[in-house]
2 protein chains.
Amino acid sequence: MPNNTSESRVAKLCVDKGLKMTEPRKVIAKVLSDSKDHPDVESLHSRVRVLDPTISIATVYRTMKLFEDTNIVTKRDFGDGRARYEEIQGDEDHHHHLIDVRTGKVIEFYNEELERLKVKIANDLGYELVDHHLELFGSPINKN
Amino acid sequence: MPNNTSESRVAKLCVDKGLKMTEPRKVIAKVLSDSKDHPDVESLHSRVRVLDPTISIATVYRTMKLFEDTNIVTKRDFGDGRARYEEIQGDEDHHHHLIDVRTGKVIEFYNEELERLKVKIANDLGYELVDHHLELFGSPINKN
DNA sequence: TTATCTGCAAAGAATTTGCGGGAGG
DNA sequence: CCTCCCGCAAATTCTTTGCAGATAA
């Protein structure tokens with residue numbers, strides 16, 4: 001049963017990394033490639049189900065861990081209790097998040113100075129920066 | 001049964017904020033005041049048990065939520081699945097964390113430029129910064 | 001007194017895992 | 001084939017909560 005999952009960006013990454021391309025992985029890869037937000041596992045699973053209702057949530061969990069270990073996605077933590085995932089783009093496309101505390105809306109941003117600064121801070125402490133978490137939580141400034 | 005919990009900094013904060021000062025809260029307050037690390041609820045509970053073995057872990061959870069809502073402690077997330085807590089000092093004592101990925105050691109740091117920058121970023125996006133998460137993960141630079 | 005708090009144990013929510021059958025290379 | 005993968009359901013881990021008795025103010 002062909003479904004148009006063969007050409008997704010994430011699927012290509014899997015092939016590049018030598019992962020066994022099973023049907024569930026193809027579908028999950030496509031869903032990730034098509035997602036422009038930061039879905040949690042439950043959201044991913046329901047999107048995946050549309051394409052293939054036989055895929056279990058356990059497989060989504062296992063696949064996300066695999067993709068994380070293979071640097072295909074990153075895990076995000078927006079303060080609610082669950083993990084969210086986002087496809088890794090290139091270094092150029094690196095960004096952070098500001099979460100609107102009123103609406104929960106997530107705004108992505110990139111700041112050159114910030115990138116420089118966090119590397120410098122780690123170096124000054126005697127460390128090479130290997131990862132970081134940064135989320136800002138903000139309340140919209142009243143424009144009235 | 002007197003125990004030397006009456007004078008802890010956190011206990012004073014509780015009184016200041018008008019919280020009912022029960023025995024469990026006094027003990028938990030003392031443990032927090034004496035903690036210079038970032039304990040999770042299980043660690044807190046075992047420290048609390050030393051002073052009073054009758055205090056349940058449910059009370060520790062409830063009390064930490066209360067202290068969080070009352071701005072006595074802040075919740076931290078270091079990437080392992082559990083919440084960690086730290087007493088709020090003053091604005092001057094605000095800091096962030098760098099986690100050594102080899103040893104798990106947590107290094108606290110403060111950076112003026114960073115403070116300025118994150119407020120500016122939020123403002124530029126049309127938001128007032130109300131909270132933020134920032135943790136750096138680093139690998140020690142080989143000094144050989 | 002009286003509203004709040006606590007311990008206990010059960011419930012929840014997110015995530016992981018053992019197992020036997022199934023599928024990719 | 002042969003290893004790795006999957007669905008299922010049970011198990012784990014962290015955290016919350018209903019209840020009935022206890023306690024601070």
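Throughout, protein chains are lettered first and strands after them, A, B, ... in sequence-line order, and every chain is numbered starting at 1.
Defined by atom type and a distance below 3.5 Å, a donor-acceptor pair is missing between the side-chain atoms of B:E115 and B:H95.
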Legend entry - Test ring-ring contact (aromatic ring centres under 6.0 Å, His included) applied to A:F78 and A:H38, step by step: CA-CA 10 Å; A:F78 291 165; A:H38 312 85; 5.4 Å; yes
Inset, instruction - Kindly determine whether B:R84 and B:D77 satisfy side chain to side chain contact (heavy atoms under 4.5 Å, CB included), including the steps that lead there. - result: CA-CA 6 Å; B:R84 292 162 177 280; B:D77 171 23; over 6 Å; no
Legend entry - Criterion ring-ring contact (aromatic ring centres under 6.0 Å, His included) on B:H133 and A:F137, from CA distance to verdict: CA-CA 8 Å; B:H133 295 168; A:F137 295 82; 4.7 Å; yes
Inset, instruction - Evaluate the side chain to side chain contact (heavy atoms under 4.5 Å, CB included) criterion for residues A:V73 and A:L32: first the C-alpha distance (whole Å), next the side-chain angles of each, then the deciding distance (0.1 Å), finally the verdict. - result: CA-CA 9 Å; A:V73 301; A:L32 280 170; 3.7 Å; yes
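Around CD of B:E108, the count of heavy atoms belonging to other residues, nucleotides or ligands within 6.0 Å exceeds 12.
Each of B:A83 and A:I55 was matched to the nucleotide of DNA chain D holding its nearest heavy atom; the match closer to the 5' end belongs to A:I55. Nearest-nucleotide assignment on DNA chain C puts the 5′-proximal partner with B:V60, out of A:K65 and B:V60.
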Could you list the protein-to-nucleotides 20-25 of chain D atom pairs, N/O on both sides, closer than 3.5 Å?
residue : atom : partner : partner atom : Å
D:dA25  : OP1  : B:M21   : N            : 3.2

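Separating the CZ atom of B:R84 from the C1' atom of D:dT15 is a distance of 16 Å, rounded to the nearest angstrom. Here the P atom of nucleotide C:dT6 and the NZ atom of B:K26 are 12 Å apart, to the nearest Å. Taking atom CE of residue B:M64 and atom C1' of nucleotide C:dT6, one finds them 17 Å apart after rounding to whole Å. Separating the CG atom of B:D80 from the P atom of C:dT15 is a distance of 14 Å, rounded to the nearest angstrom. Nucleotide D:dC14 holds its C1' atom 11 Å from the NZ atom of B:K75, rounded to whole Å.
Taking side-chain N and O atoms only, A:Y61 has no distance below 4.0 Å to OP1 or OP2 of C:dT16.
Listed candidates were D:dT17, D:dC6, C:dC5. Nearest to the side chain of A:R25 is D:dC6. Each of C:dA9, D:dC6, D:dT15 was ranked by its minimum atom distance to the side chain of B:V41; first place goes to D:dT15. Each of D:dT15, D:dC6, C:dA14 was ranked by its minimum atom distance to the side chain of A:R62; first place goes to D:dC6. Considering only the side chain of A:E42, C:dA14 comes nearest among D:dC14, D:dC8, C:dA14.
Remark: the backbone N or O of A:V10 is paired with a side-chain donor or acceptor of A:S33 at under 3.5 angstrom.
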